[in-house]
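Structure, as structure tokens:
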2 protein chains.
Amino acid sequence: MQTATPTPATTAAPIRFFERAQRAVGDESAATRALCSTCHLKDLCLPCGLNGVDLERLDGLKFARRRVKEGQALYHEGDRFQFIYAVRSGTFKSTLNLRDGREQVTGFQMAGELLGLDGLAAGKHASSAVALEDAEICAIPYAHLSELAATSAELQHVISRLMSREIVREHSLMMLLGSMNAEERLAAFLLNISQRMKARGYSASEFHLRMSRAEIGSYLGMKLETVSRTFSAFAQQRLLEVDKKHVRITDLPGLQRAFDLRVQ
Amino acid sequence: MQTATPTPATTAAPIRFFERAQRAVGDESAATRALCSTCHLKDLCLPCGLNGVDLERLDGLKFARRRVKEGQALYHEGDRFQFIYAVRSGTFKSTLNLRDGREQVTGFQMAGELLGLDGLAAGKHASSAVALEDAEICAIPYAHLSELAATSAELQHVISRLMSREIVREHSLMMLLGSMNAEERLAAFLLNISQRMKARGYSASEFHLRMSRAEIGSYLGMKLETVSRTFSAFAQQRLLEVDKKHVRITDLPGLQRAFDLRVQ
DNA sequence: CGTGGATTTGAGCGTAATCAACGCAGGTGG
DNA sequence: CCACCTGCGTTGATTACGCTCAAATCCACG
């Protein structure tokens, strides 16, 4: 399990050096010149809420697209903060390193979601981001983005809103970790994934989890065995069918009942 | 205990109506015309990192100071987002309401810290803020602040950094809730309070907690009895002396050892 | 085909939750 | 002034949920 071993196996993959080099010089050299206004994710991602002049202005943003292989890190805890990353495809996990070598997962990011906002605070990334499957991202130079934001109050507002959304998201996670039991946590997690899949045009009731039981457990504050057991319990209650990473929710209202015993 | 009863006893205090009225009209009418550049909190608060022209520009910001009595809410979950609040004196708690009437504490705010940033995401506050003692705040109209930010990249950057700091703060709290036991949690909490007291010119080793055992427990994801027991355990280990809300840390390194068993 | 990683399941245990009782301080009213 | 009440904190006894340790299975991959 990658979380126990101190080797950089999954967090850096075989081609770590190449990846680092790519990060350093590849930013301007991408063949694809990407435009936000024509991106199929524009309603989920950075441009969300913008239109007309402001959206066009966003096209002035120069950024590179980059592929990230499964297991590769987009950035590591402590790396200098330079880019905001937008996920184009694939799934990422954000993690903090614990002193004892274990990792704490602080979030999962899907297409259209932003990564790296935690780096603003201190100019260094406070967490690491690792691809859970082959992925593609846009690397947006923060300096450039904030220049652009200075010319558009709307864009500025959008960025602030996205950061605020992150704060709110973490609030609910705190609620989850602070006051829910294992079943409620996993139900909340699955319902959240379900919603996000739906928002991306995928089925809300049937999907592949990209993360391992251990990663789900770390995120939800429980051990992998408990995650597995809770999946089995849900299956036995006929709330869902589960086969490893494949999940089919068969009783959405039931799952919601399991969840909102507590939550507003 | 206020968290169990559905009555608005502590969260709204006897003069709730007055407070609401005050909030609606009192914003412009404050006698004190406050300036950030001369505020004794300028190194902790919004102006942190600004100087020269940018700091002067911040003085263009029109905002009201307001007193908030113990138990009064600055805003409630669901209230329209209009202001960012800066704590001038006193302590606040931020809370989410759970469906069953209980509350989840998501943070404690002291002098120089900002409140209300979670409201940007949806234009409505996602949490409530309640004074734990008589307090004074600056209510900064967000619309006005963002206007001003449009004229200064530096100010813009400061605001983003403050939001990012909030995200990072919540990351560590997630780590705490996700992977620490009762002793580690309380130790982390006390060390954090200690640091923040120190940064405000108070003693780092001796202070009054403004929050109840139940509120600490809610924040740390444990029951009030466990908080109490853990305090007693620390006292027995001669790490600190405790008498109700008064705490004196007698072995700071020892407390840190109790804490950083896990954390980086 | 063998190996290693991921998942599931079981058994026993430990930590923190629950339930309960008590002490103390502050406020209220007779 | 004292009896009473209420809120908060502490402590004890018991319980339960999730953790730990362990073993078996499944699957991908070399």
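So that the names make sense, note that chain A is the first sequence line, chain B the second, and so on, each numbered from 1. Since the structure is predicted, the reported quantities are computational estimates derived from the model, not experimental observations.
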### Message
Main chain of A:S212, side chain of A:E215: is a donor-acceptor contact present, judged purely on distance under 3.5 Å?
### Response
yes
### Message
Restricting to side chain to side chain contact (heavy atoms under 4.5 Å, CB included), what partner residues turn up for A:A199, sequence neighbours left out?
### Response
A:L44
### Query
CD1 of B:I216 versus C1' of D:dC8: gap in Å, rounded?
12 Å
#### Entry: Between C:dA25 (P) and B:H246 (NE2): distance, integer Å
16 Å
### Message
Checking A:T226 now: which residues fulfil side chain to side chain contact (heavy atoms under 4.5 Å, CB included) with it, not counting sequence neighbours?
### Response
A:A182, A:M222, A:K223, A:T230
### Query
Are B:L117 and B:I84 side-chain neighbours, meaning at least one heavy-atom pair lies under 4.5 Å?
yes
### Message
Angle between ring planes, A:H246 versus A:H208, binned at 30° and 60°: parallel, tilted or perpendicular?
### Response
perpendicular
### Task
Using five base pairs at each end, measure the axis-to-axis angle across the helix from C:dC1-D:dG30 to C:dG30-D:dC1 and round it to 10 degrees.
30°
### Task
Identify, with sequence neighbours excluded, every residue that meets side chain to side chain donor-acceptor pair (under 3.5 Å) alongside A:E133.
A:T91, A:R210
### Message
Walk along nucleotides 17-27 of chain D from 5' to 3' and tag each nucleotide B, S or - by protein heavy-atom contact under 4.0 Å, base first, then sugar-phosphate.
### Response
-SSBB------
Pairs under 3.5 Å (N/O, protein and nucleotides 28-30 of chain D):
none

### Task
Scan residues 234-242 of chain B against DNA chain C and write down, sorted by residue number, each residue with any heavy atom closer than 4.0 Å; if none is found, say none.
none
### Message
Taking side-chain contact (heavy atoms from CB on, under 4.5 Å) as the criterion, tell me which of B:L173, B:T95, B:L177 meets it with B:Y219.
### Response
B:L173
## Note on the structure
note: B:E70, atom CD; D:dG7, atom P; distance rounded to Å ~ 14 Å
## Note on the structure
The side chain to side chain contact (heavy atoms under 4.5 Å, CB included) partners of B:Q109 (sequence neighbours excluded) come to B:V87, B:F92, B:S94, B:E113, B:L115
#### Entry: B:M175 backbone acceptor or donor facing B:S179 side chain under 3.5 Å
yes
### Task
Taking side chain to side chain contact (heavy atoms under 4.5 Å, CB included) as the test, write out the residues that go with A:S203, two or more places apart.
A:S205, A:E206
Could you tabulate the donor-acceptor pairs under 3.5 Å formed by side-chain atoms of residues 186-195 of chain B, not counting sequence neighbours?
| unit_1 | atom_1 | unit_2 | atom_2 | d |
| --- | --- | --- | --- | --- |
| B:N192 | OD1 | B:R196 | NH1 | 2.8 |
| B:S194 | OG | B:A204 | O | 2.6 |

### Message
Show every salt bridge (Lys or Arg N to Asp or Glu O under 4.0 Å) that has at least one partner inside residues 226-242 of chain A, sequence neighbours left out.
### Response
A:E241-A:R248
### Query
Does the side chain of A:S232 get closer than 4.0 angstrom to OP1 or OP2 of C:dT9 through an N or O atom?
yes
### Query
Which residues satisfy the side chain to side chain donor-acceptor pair (under 3.5 Å) test with B:S89, sequence neighbours excluded?
none
### Task
Measure the distance from CG on A:L186 to C1' on C:dT8 and round it to the nearest whole Å.
15 Å
